[in-house]
Amino acid sequence: MKICALTFVLLMPSFSLLSQTPTQTIRGKVIDQETHFPLPGATVMLIADSSSLTGVTTNEDGDFRFEKVRVGRYKLKISFIGYKESFLDNMQVTSAKEVLLTVSLQESTVSLQEITVTAGRDGEASNEMALVSSRSFTIEETQRYAGSRGDPARMASNFAGVQGADDSRNDIIIRGNSPQGVLWRMEGINIPNPNHFNIPGTAGGPVSMINNQTLANSDFLTGAFPAEYGNSISGVFDLKLRNGNNEKYEHSGQFGFLGTEIFSEGPLSKAHTSSYLFSYRYSTLAIFNKVGIDIGTAAVPRYQDIAFKFNFPLKGASSLSFFGLGGKSDIDIL
């Protein structure tokens, strides 16, 4: 009887651990859309369902935090006096990584009644938004759309007026324009072609070098480009890299048909809130070939790519960042 009682006591902690629900932290910063200065005192509401609400306010640096949030999908509502409300829908919380957000609020204005005299001409579009052909896309969109494979270009082929040229490549045709006219930019710098096995003079390829896990909210434009996009005649991908987690080290790996990759992020100095972000990917088929697994062809695609970003916040609302993206690829077709 003593042995049975001792066994029961030892097993009780195991049962209690198994019954625990995984939780994660949601944190971020609320800033002004124009000045990028933090907004202290903004209200951030975490909505799990119609009857479950949890709210916090941002501190003097505009930061907010939700601790021990159960994994699942949530909605955020951000409001501040004098600004338009902002909503983040269908936000996924997992146990593997903290959710880091940067929310920009737009100042609200009061429109008074006025008399406007306008002149129209034949053939002019009545829709005022017809000249603003741009939209923002998130990391989750590159994973959610069918056939996107984590590639921003393949994801964009689901938008109106955009069509993929071929399933084997991520070239896109925007309103009938040539795929060669698509401009790629990363952090404000023009890049020629961020794809493996690309053909000179084109803007696409079979496998993208861009790891969607390193991207922040980015813009996709299909027309009416601002002056800064002067080298584009078809479309623009204006990509932004997110900052790494500046409080906690997080590492992950992924094994798939498009590549085997490792990912790491964390703080460089917790005292100064600096952070790093790093990803590396290598061809899975090349690994199979090296270990002697027959994949049915001698033309084995070999490619690898790397992306990184180091962020150092400075005084005020400024910061210093170092980032890079590169890769190489080759294939022997005999």
Side-chain angles (χ1 to χ4, degrees), residues 133-137 139 141-143 145-215 218-241 256-259 261 279-286 297-307 323-334:
S133 301
S134 63
R135 62 161 296 165
S136 177
F137 64 91
I139 299 175
E141 286 184 290
T142 62
Q143 299 172 336
Y145 282 96
S148 62
R149 308 178 192 173
D151 184 353
R154 287 187 168 93
M155 176 271 303
S157 64
N158 293 275
F159 298 157
V162 184
Q163 181 178 355
D166 190 340
D167 288 340
S168 64
R169 294 173 57 87
N170 62 3
D171 300 272
I172 56 175
I173 301 171
I174 302 175
R175 296 173 179 171
N177 292 301
S178 171
Q180 298 180 4
V182 177
L183 173 66
W184 290 86
R185 284 164 60 97
M186 177 168 287
E187 295 289 340
I189 299 177
N190 293 358
I191 52 180
N193 190 330
N195 296 282
H196 293 292
F197 309 107
N198 59 71
I199 300 174
T202 65
V207 183
S208 175
M209 290 192 300
I210 300 171
N211 189 329
N212 63 336
Q213 298 294 332
T214 64
L215 294 179
S218 304
D219 295 330
F220 175 61
L221 298 88
T222 59
F225 309 120
E228 61 180 307
Y229 308 118
N231 293 332
S232 174
I233 59 175
S234 178
V236 176
F237 281 97
D238 194 355
L239 305 178
K240 305 294 183 183
L241 293 175
F257 178 76
L258 292 179
E261 63 184 43
S279 70
Y280 174 78
R281 179 175 58 175
Y282 192 83
S283 169
T284 302
L285 296 180
T297 178
V300 180
R302 296 180 293 271
Y303 56 87
Q304 53 185 321
D305 50 66
I306 184 175
F323 63 92
L325 171 69
K328 65 177 183 178
S329 54
D330 65 274
I331 185 172
D332 297 328
I333 301 178
L334 305 179

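Side-chain atoms are counted along with the backbone in the values below, which use heavy atoms only and exclude waters and symmetry mates.
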Spacing of [X] atom [atom1] and [Y] atom [atom2] [to the nearest 0.5 Å]:
{"X": "R154", "Y": "S208", "atom1": "CZ", "atom2": "OG", "answer": "8.0 Å"}
{"X": "D171", "Y": "S157", "atom1": "CG", "atom2": "OG", "answer": "11.5 Å"}
{"X": "S279", "Y": "M209", "atom1": "OG", "atom2": "CE", "answer": "11.5 Å"}
{"X": "N211", "Y": "D151", "atom1": "CG", "atom2": "CG", "answer": "11.0 Å"}
{"X": "L183", "Y": "E228", "atom1": "CG", "atom2": "CD", "answer": "10.0 Å"}
{"X": "I210", "Y": "D305", "atom1": "CD1", "atom2": "CG", "answer": "10.0 Å"}

Does [X] use its side chain to pair, donor to acceptor, with the backbone of [Y] at less than 3.5 Å?
{"X": "N193", "Y": "G204", "result": "yes"}
{"X": "S234", "Y": "P179", "result": "no"}
{"X": "E187", "Y": "L241", "result": "yes"}

Minimal non-hydrogen separation, [X] against [Y], with atom names:
{"X": "L325", "Y": "A307", "value": "CD1-CB, 4.0 Å"}
{"X": "F237", "Y": "P152", "value": "CE2-O, 3.7 Å"}
{"X": "I174", "Y": "V182", "value": "CD1-CG2, 4.3 Å"}
{"X": "A203", "Y": "W184", "value": "O-NE1, 3.1 Å"}
{"X": "D332", "Y": "R302", "value": "OD2-NH2, 2.9 Å"}
{"X": "T202", "Y": "R169", "value": "OG1-NH2, 3.6 Å"}

Are side-chain heavy atoms of [X] and [Y] found at a separation under 4.5 Å?
{"X": "F225", "Y": "I233", "value": "no"}
{"X": "T214", "Y": "F323", "value": "no"}
{"X": "F159", "Y": "I172", "value": "no"}
{"X": "R281", "Y": "Q304", "value": "no"}

Just wondering, are more than 12 heavy atoms of other shown residues or ligands nearer than 6.0 Å to CD in Q163?
-> no
Relative to the ring of Y303, is the ring of F197 parallel (under 30°), tilted (30 to 60°) or perpendicular (over 60°)?
-> perpendicular
D219 and K240 ion-paired at < 4.0 Å =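 No salt bridge links D219 with K240.
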